[in-house]
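Working notes, structure below.
Below, chains carry the letters A, B, ... as their sequence lines are ordered, and counting in each starts from 1. Everything quoted here is computed from the prediction, not taken from an experiment.
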Protein chains: 2
Amino acid sequence: MPTHHQGNKQEQQALNAYISLLRCTETVTSATCRHLAAEKLSVGQFGTLEALYHLGPLCQRDIAKKLLKSGGNVTTVVDNLEKRALVERRRMPEDRRYYSVALTDVGQELITRIMPRHIDNIATRLAVLSPQEQDDLRRLCRKLGLTG
Amino acid sequence: MPTHHQGNKQEQQALNAYISLLRCTETVTSATCRHLAAEKLSVGQFGTLEALYHLGPLCQRDIAKKLLKSGGNVTTVVDNLEKRALVERRRMPEDRRYYSVALTDVGQELITRIMPRHIDNIATRLAVLSPQEQDDLRRLCRKLGLTG
DNA sequence: CTTGAATTGTTTAAGTTTAAACTATCAGCC
DNA sequence: GGCTGATAGTTTAAACTTAAACAATTCAAG
């Protein structure tokens, strides 16, 4: 529902796009991540496991950059994953400021088991759009999302 | 950066669109809402003031629906706004389960003062896209975001 | 060597968010 | 009237998030 009155035509158009973008993301993430509750995983925890799965061991700073979250948050997330033995920290001897955070076997097993469902959720949801539309959406979001 | 290996072509395409969408929204909201900190307003508080500004007095349930947040959250948000005398609750005599939540004069003044900056932030950010692209983005997000 | 700046990660305090249990109110039905 | 179910809002506990202050480590310049 477009908001009313204030602003010129150009602002109105930008607002409409903005509102649609936010609501869409909220709806889609809510739908695609709902299944994580069954594994007692928060979105941040899942994102961390996923990053380690795809990229291999990372230091916390790189995890934070990847998830767009604060360093303190990553400390908490990794703490909680470590308590469940899904990841482990290893001090890097060559630079003892770093931890290398890596999946354990249990963590590997968990993320391997969950990923298909997650990807399927996303693919099913995105299938509302044609392949061409998916590419269009990707292009527009990348253009709009460039940091600055 | 596209993730690698798992999944067929179609899943890969959906994933790419999904990741771009999420990162874009994160980047854009972070940029457009940064100015709210100066007024000590959270995004939820601002969203509530904005909804009341555009739509007039609402009950908490309608605010929750509009913001896509839980009812308990709206109670907290309205509590905090009420403490600052930016909104006020009025019991509806015709159905005493409802509160009508409305902007006070102070709240009206605040949101009126802040909105131009907020809209300008959005318009400036969205100006990275051409008018046609903004409409395309809106259309795609609306199509993708339909609840289900 | 040593001083100091920069970087990594931790802690703390405060605020946000949710789900679930709870109270209050309403509407329909006997 | 009194019961029943539905709805609006509140409360509580737990989890998540952040900014800011902090400690540990590295590295470069003197």
Side-chain angles (χ1 to χ4, degrees), chain A residues 22 25-27 29-31 33-49 52 57-84 86-102, chain B residues 22 25-27 29-31 33-49 52 57-84 86-102:
Chain A
L22 263 54
T25 299
E26 171 59 36
T27 303
T29 56
S30 167
C33 293
R34 197 173 300 138
H35 71 109
L36 298 179
E39 306 289 344
K40 304 278 184 195
L41 284 177
S42 71
V43 175
Q45 289 172 349
F46 174 75
T48 300
L49 294 180
L52 298 177
L58 296 173
C59 71
Q60 298 189 181
R61 182 174 144 281
D62 287 342
I63 295 174
K65 254 189 282 188
K66 181 110 181 105
L67 302 187
L68 305 176
K69 293 293 158 68
S70 69
N73 183 27
V74 171
T75 293
T76 310
V77 169
V78 172
D79 279 352
N80 289 331
L81 290 174
E82 202 173 29
K83 276 179 204 156
R84 290 168 64 181
L86 298 174
V87 303
E88 62 181 0
R89 286 179 167 100
R90 254 170 302 182
R91 276 285 185 204
M92 299 303 281
E94 61 270 30
D95 187 336
R96 292 180 42 73
R97 289 172 302 183
Y98 288 75
Y99 283 115
S100 172
V101 181
Chain B
L22 263 52
T25 299
E26 171 60 36
T27 304
T29 56
S30 166
C33 293
R34 199 174 297 139
H35 71 109
L36 298 179
E39 305 289 345
K40 304 277 185 196
L41 284 177
S42 70
V43 174
Q45 289 172 349
F46 175 75
T48 301
L49 294 180
L52 298 176
L58 297 172
C59 71
Q60 297 188 182
R61 182 175 144 281
D62 287 342
I63 295 174
K65 253 189 282 188
K66 181 107 180 109
L67 303 187
L68 305 176
K69 292 294 156 70
S70 69
N73 182 28
V74 171
T75 294
T76 311
V77 169
V78 171
D79 279 351
N80 290 331
L81 290 174
E82 202 173 30
K83 277 179 203 155
R84 291 168 63 181
L86 298 174
V87 304
E88 62 181 0
R89 286 180 167 100
R90 254 171 302 182
R91 276 285 185 203
M92 300 302 282
E94 61 270 30
D95 187 337
R96 291 181 42 75
R97 289 173 302 181
Y98 288 76
Y99 283 115
S100 172
V101 181

Separation of [N] [atom2] from [X] [atom1] (nearest whole Å):
{"X": "Arg34(B)", "N": "dT18(D)", "atom1": "CZ", "atom2": "P", "result": "14 Å"}
{"X": "Tyr98(B)", "N": "dA6(D)", "atom1": "OH", "atom2": "C1'", "result": "11 Å"}
{"X": "Arg61(B)", "N": "dT10(D)", "atom1": "CZ", "atom2": "P", "result": "14 Å"}
{"X": "Asp79(A)", "N": "dC16(D)", "atom1": "CG", "atom2": "P", "result": "12 Å"}
{"X": "Asp62(A)", "N": "dG9(C)", "atom1": "CG", "atom2": "C1'", "result": "13 Å"}
{"X": "Gln60(B)", "N": "dT7(D)", "atom1": "CD", "atom2": "P", "result": "17 Å"}
{"X": "Lys65(A)", "N": "dG9(C)", "atom1": "NZ", "atom2": "P", "result": "10 Å"}
{"X": "Lys69(A)", "N": "dG9(C)", "atom1": "NZ", "atom2": "P", "result": "18 Å"}

Using the side-chain contact (heavy atoms from CB on, under 4.5 Å) rule, take Leu86(A) and Leu49(A) through it: C-alpha gap first, then chi angles, then the decisive distance, then the call. CA-CA 8 Å; Leu86(A) 298 174; Leu49(A) 294 180; 4.3 Å; yes
Can you check side-chain contact (heavy atoms from CB on, under 4.5 Å) on Arg84(B) and Leu41(B), steps first, answer last? CA-CA 11 Å; Arg84(B) 291 168 63 181; Leu41(B) 284 177; 3.8 Å; yes
Check step by step if side-chain contact (heavy atoms from CB on, under 4.5 Å) holds for Glu39(A) and Leu36(A). CA-CA 5 Å; Glu39(A) 306 289 344; Leu36(A) 298 179; 5.9 Å; no
With a 4.5 Å cut-off on side-chain heavy atoms, are Thr48(B) and Leu58(B) touching?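 The answer is no; the side chains never approach within 4.5 Å.
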Is any side-chain heavy atom of Lys66(B) closer than 4.5 Å to one of Val74(B)?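 The answer is no; the side chains never approach within 4.5 Å.
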Would Lys40(A) and Gln45(A) satisfy side-chain contact (heavy atoms from CB on, under 4.5 Å), going step by step from the backbone distance to the final call? CA-CA 9 Å; Lys40(A) 304 278 184 195; Gln45(A) 289 172 349; over 6 Å; no
For residues Gly44(A) and Leu67(A), report the shortest heavy-atom separation together with the two atoms involved.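 Taking Gly44(A) first and Leu67(A) second, the nearest heavy atoms are O-CD1, 3.8 Å.
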Answer yes or no on whether Arg90(A) is positioned over the face of Tyr99(A), meaning its NZ or CZ is under 6.0 Å from the six-membered ring centre and within 45° of the axis.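 Pair Arg90(A)/Tyr99(A) does not count as cation-pi.
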Is [X] touching bases, backbone alone, or none of the nucleic acid, heavy atoms closer than 4.0 Å?
{"X": "Ser70(A)", "result": "base"}
{"X": "Asn80(B)", "result": "sugar-phosphate"}
{"X": "Ser42(A)", "result": "sugar-phosphate"}

Does Asn73(B) have a side-chain nitrogen or oxygen under 4.0 Å from the phosphate oxygens OP1 or OP2 of dT16(C)?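 For Asn73(B), the contact criterion (side-chain N or O under 4.0 Å from OP1 or OP2 of dT16(C)) is not met.
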Take the C1' atoms of the five end pairs on each side of the helix from dC1(C)-dG30(D) to dC30(C)-dG1(D), derive the two axes, and give their angle rounded to 10 degrees.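 Inter-axis angle at the termini of the helix from dC1(C)-dG30(D) to dC30(C)-dG1(D): 10°.
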Any residue in residues 87-96 of chain A with a heavy atom nearer than 4.0 angstrom to DNA chain D? Just list them by number, or reply none.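 Listed by number, they are Asp95(A), Arg96(A).
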Tyr99(A) side-chain proximity, nearest of dT16(C), dT10(D), dT10(C):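 In terms of side-chain proximity for Tyr99(A), the closest of dT16(C), dT10(D), dT10(C) is dT10(C).
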Under the side-chain contact (heavy atoms from CB on, under 4.5 Å) test, residues paired with Arg97(B) that sit two or more places apart: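 Partners of Arg97(B) under the side-chain contact (heavy atoms from CB on, under 4.5 Å) test: Asp95(B).
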